[in-house]
Amino acid sequence: MSQDPSDSAASADDSISGAETAATSAEGTASDAPSHDGAAASSSTDSVAVDSGGDSNAQADATSANPAPRAKRRFSKRARLIALVTAGAVVVSAGAAGWAIYNKPELRLVRAIKATTAQKNMDLNLSFQATPAFLRAMNEGKPLFDASDAPLPGIKSDADVAQAIGNIHLHLRSSSTDIKDPSVMLAVQYGSADALAITLTGRKLYIRTQAKDLPGQSPALFTATQFTQVLQGLKQPLGPEFADYINADQRSVLTKLIDFVEGRTLFLSLAKGTELGNWWDKTVVAQSSSTAPGASALQKQIAALGKRMQGQLRNVAKVQDLSDDAAGDRIRVTFDIAALVKLNKTQILDLAESISSLGDASADFDRAAALKEINTWLAKPTLASFSTDVWVKDGRFHRFEFDMSDAMASAMPNKPKVDPRGAVVRMDMDDIAVTAPADATEFTPADIQNAGGLLGGLFMGGLASSIGDSGM
């Protein structure tokens, strides 16, 4: 970057302050100018003194008794107008310059970092967007779609394959990461439907699926008829032919599971003092509190390297203001990866050595060999630069897109030539709190135990049905 954001902000403040001072000074000077009425009064007084007679003594006495007022510096209306217009122009020009500096993409990024990190809630939606041409390049130039083998009903072309891949999202949401009382959500989505969503909040673990909505997504991975057939298969054990193998408690568990497939949310209570709550506190909480030897020092080392690299970004990154769209103000940041590695060779080697010895202080790390690998890469880097597009909306980060085209192509044995932005990792961001799903049904520890018996009953009932059908 060409200018330090803090220096730019200071320059903007100085420009605006200077403009305000100029305006105040001009207005104050103009207000001191006498009016024409005052000037006329002064002239009248002078005339009276001259006409008092020919007696010089009398004239002197009159002058001594009533000295003539001292003439003030006078400004015409035109002079005042010019002064005010000039001051106004200075204010407007300085304000425009200050706004231009304040609105520089570098400063917008700095403000977005502060606003985003200050959020209590974080909502992230990750996806991989790829063009058909890029996917074919990764497939050695061969088509992705084989018309003779089309197991998925909505996939009929390479474009459908690319769209289906782009429809897969990993959705994460967090309002509290305190392991003793977390409030987080993790979901795998296809299009706008949750294939599976898990929410942990208020010491309750919720799980749900919107499988019945998946056939409505485009391109469809399966049809509504296929979903209905699966559901009918799940309901079959509730019939009389399984009565000898599944008891009432197991049938109740199966009913809950069928409701779950149809869209009902289930939850496990992890309340303190309960069976599952005690398990949570004694295993998950206890294990997360313990760290491997050297882990704390490693975290500090990573943080120090990150801070060091942040201070170097102005020398290794180029910022470009792009056209805005519905996602917000678009800014492209291009990093010189080779320069960044070159500036931090020693720190990268130190970090690699710490990672290799994590949990095993006796681990052998060949520092000379690692340094040789870095120098070899720097001599001919496979990925010299890396581009990231950032969208800022309402003062916060709204979207990131990482162009992975060159990185993925360089990792392939044949290193195919690909177009820029042929493969993009997209991360949408928002400030949304984690909430508990409504109308959830509890799945109790007893249900968990009965689920094991249900599986045994289904196996025995299915085996008996198969034997009966075979006539044995």
Side-chain angles (χ1 to χ4, degrees), residues 151 153 171 184-190 192-217 220-284 434-472:
H171 192 182
V184 294
M185 185 274 291
L186 171 64
V188 177
Q189 296 176 318
Y190 183 76
S192 60
D194 291 335
L196 184 67
I198 299 173
T199 302
L200 178 58
T201 186
R203 292 192 63 113
K204 289 182 179 180
L205 181 66
Y206 299 87
I207 181 171
R208 74 163 186 170
T209 180
Q210 294 177 316
K212 66 177 181 180
D213 296 330
L214 292 176
Q217 307 301 310
L221 302 182
F222 56 87
T223 65
T225 300
Q226 290 172 325
F227 175 77
T228 301
Q229 291 172 346
V230 171
L231 204 58
Q232 289 174 345
L234 290 174
K235 294 179 178 180
Q236 185 178 353
L238 296 176
E241 60 272 21
F242 280 82
D244 294 336
Y245 305 99
I246 300 177
N247 61 33
D249 292 336
Q250 294 166 352
R251 290 170 66 88
S252 174
V253 170
L254 180 57
T255 300
K256 288 184 179 181
L257 294 176
I258 292 172
D259 291 342
F260 166 74
V261 174
E262 291 184 309
R264 169 73 68 175
T265 302
L266 300 180
F267 77 89
L268 296 172
S269 175
L270 304 177
K272 287 184 176 294
T274 63
E275 183 178 351
L276 291 177
N278 292 336
W279 167 84
W280 176 267
D281 292 331
K282 292 179 181 179
T283 56
V284 179
V434 175
T435 57
D439 300 327
T441 299
E442 183 174 6
F443 204 75
T444 65
D447 289 332
I448 296 175
Q449 294 177 350
N450 287 321
L454 173 64
L455 291 176
L458 292 175
F459 175 77
M460 294 303 296
L463 180 62
S465 178
S466 299
I467 293 175
D469 292 341
S470 64
M472 294 178 63

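Every residue two or more places apart in sequence or in another chain that forms a side chain to side chain donor-acceptor pair (under 3.5 Å) with D281 is listed here: R203. A search for side chain to side chain contact (heavy atoms under 4.5 Å, CB included) contacts involving L455 returns nothing, not counting sequence neighbours. Evaluation of the salt bridge (Lys or Arg N to Asp or Glu O under 4.0 Å) rule for E442 yields no partner, not counting sequence neighbours. Every residue meeting the salt bridge (Lys or Arg N to Asp or Glu O under 4.0 Å) condition with K256, not counting sequence neighbours, appears here in chain and number order: D447. Qualifying side chain to side chain donor-acceptor pair (under 3.5 Å) partners for D213, counting only residues two or more places apart in sequence or in other chains: none. The side chain to side chain contact (heavy atoms under 4.5 Å, CB included) test applied to L221 returns L152, Y190, not counting sequence neighbours. For T201, the side chain to side chain donor-acceptor pair (under 3.5 Å) partners two or more places apart in sequence, or in a different chain, are S183. In this view, F267 and Y206 satisfy the ring-ring contact (aromatic ring centres under 6.0 Å, His included) rule, not counting sequence neighbours. In this structure T435 satisfies the side chain to side chain contact (heavy atoms under 4.5 Å, CB included) test with no other residue, sequence neighbours excluded. Taking the side chain to side chain donor-acceptor pair (under 3.5 Å) definition, one finds that N450 meets it with nothing, sequence neighbours left out. Every residue two or more places apart in sequence or in another chain that forms a side chain to side chain contact (heavy atoms under 4.5 Å, CB included) with T223 is listed here: P153, T225, Q226.
Applying the salt bridge (charged side-chain N to carboxylate O under 4.0 Å, His left out) definition to pairs two or more places apart or across chains, those involving residues 257-267 are K235-E262.
The distance from atom CZ of F260 to atom CG of L234, rounded to the nearest 0.5 Å, is 11.0 Å. Rounded to the nearest 0.5 Å, atoms CD (Q210) and OG1 (T265) are 8.5 Å apart. Here the CG-CD1 distance, from L458 to I246, works out to 4.5 Å after rounding to the nearest 0.5 Å. Atoms CH2 and CG, from W280 and L200 in turn, are 5.0 Å apart once rounded to the nearest 0.5 Å. One distance of note links CZ of R208 with OG1 of T441; it measures 13.5 Å at 0.5 Å rounding. In this structure, CG on L186 lies 8.0 Å from CG on L196, to the nearest 0.5 angstrom.
For the pair W279/T274, no side-chain contact is recorded, criterion being any heavy-atom separation below 4.5 Å from C-beta on. For the pair V253 and Q250, the minimum side-chain heavy-atom distance is 4.5 Å or more. At least one side-chain heavy atom of L238 sits under 4.5 Å from a side-chain heavy atom of I258.
A donor-acceptor contact shorter than 3.5 Å is absent between the side chain of S252 and the backbone of A248.
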Could you walk me through whether F227 and L214 pass the side chain to side chain contact (heavy atoms under 4.5 Å, CB included) test, one step at a time?
CA-CA 9 Å; F227 175 77; L214 292 176; over 6 Å; no
Checking side chain to side chain contact (heavy atoms under 4.5 Å, CB included) for the pair L454/L257: CA distance, chi angles, key distance, verdict?
CA-CA 11 Å; L454 173 64; L257 294 176; 4.3 Å; yes
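The two residues A211 and V261 come nearest to each other via the heavy atoms CB-O, 4.4 Å. Of all heavy-atom pairs spanning P215 and A220, the tightest one is O-CB, 3.7 Å. A440 and P437 get closest at one heavy-atom pair: CB-O, 4.3 Å.
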